[in-house]
Amino acid sequence: MTLTAIQRHVAPDKEGIERLRIEPKFSSFDMEDAASLAALALLNATRILLVLVPEIAQANGFAALQRRYASLYRQGLRSLRKAEQKANTGTA
């Protein structure tokens, strides 16, 4: 649960009264961001597991995989933001 996720559920109505939304709308950026953050958390948990369990500590390539994923994650976010901005401005 994040502050951003909670904020999606609360919004002012026409009279300016804060209301609770049961099922807020999500953009493709929101969904991609949530999935990417979950993947990043799983990568971090796996890295910690590799440190804690000596039998699997020989997985040297995992750190490189984690760095590459972080780079791809940032690139993907930039692409999604550009696409969402184009969609919001109505340009192709």
Side-chain angles (χ1 to χ4, degrees):
M1 182 60 71
T2 64
L3 180 59
T4 303
I6 294 170
Q7 286 175 333
R8 285 189 191 101
H9 291 275
V10 180
D13 63 10
K14 294 176 185 174
E15 292 85 32
I17 299 170
E18 296 290 328
R19 302 284 181 184
L20 179 67
R21 292 186 206 156
I22 301 302
E23 295 182 19
K25 301 276 187 207
F26 296 100
S27 69
S28 60
F29 174 80
D30 293 331
M31 295 302 288
E32 180 70 22
D33 188 41
S36 293
L37 286 173
L40 202 53
L42 288 172
L43 282 170
N44 283 330
T46 304
R47 181 183 53 80
I48 292 167
L49 183 65
L50 290 173
V51 171
L52 294 175
V53 181
E55 290 79 21
I56 58 175
Q58 288 84 17
N60 296 331
F62 187 77
L65 173 65
Q66 189 176 22
R67 284 190 302 274
R68 182 66 182 134
Y69 181 79
S71 172
L72 289 172
Y73 170 73
R74 287 188 295 273
Q75 290 173 15
L77 285 180
R78 285 192 295 270
S79 296
L80 279 170
R81 284 186 182 118
K82 286 179 186 176
E84 194 168 72
Q85 286 172 352
K86 284 183 181 180
N88 289 340
T89 60
T91 59

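Side-chain atoms are counted along with the backbone in the values below, which use heavy atoms only and exclude waters and symmetry mates.
Within the 4.5 Å cutoff, the side chain of Ser79 has no heavy atoms near those of the Lys82 side chain.
Across Ala39 and Tyr69, no two heavy atoms sit closer than the pair CB-OH, 3.3 Å.
For the atom pair Arg78 CZ and Arg81 CZ, the distance stands at 9.0 Å (nearest 0.5 Å).
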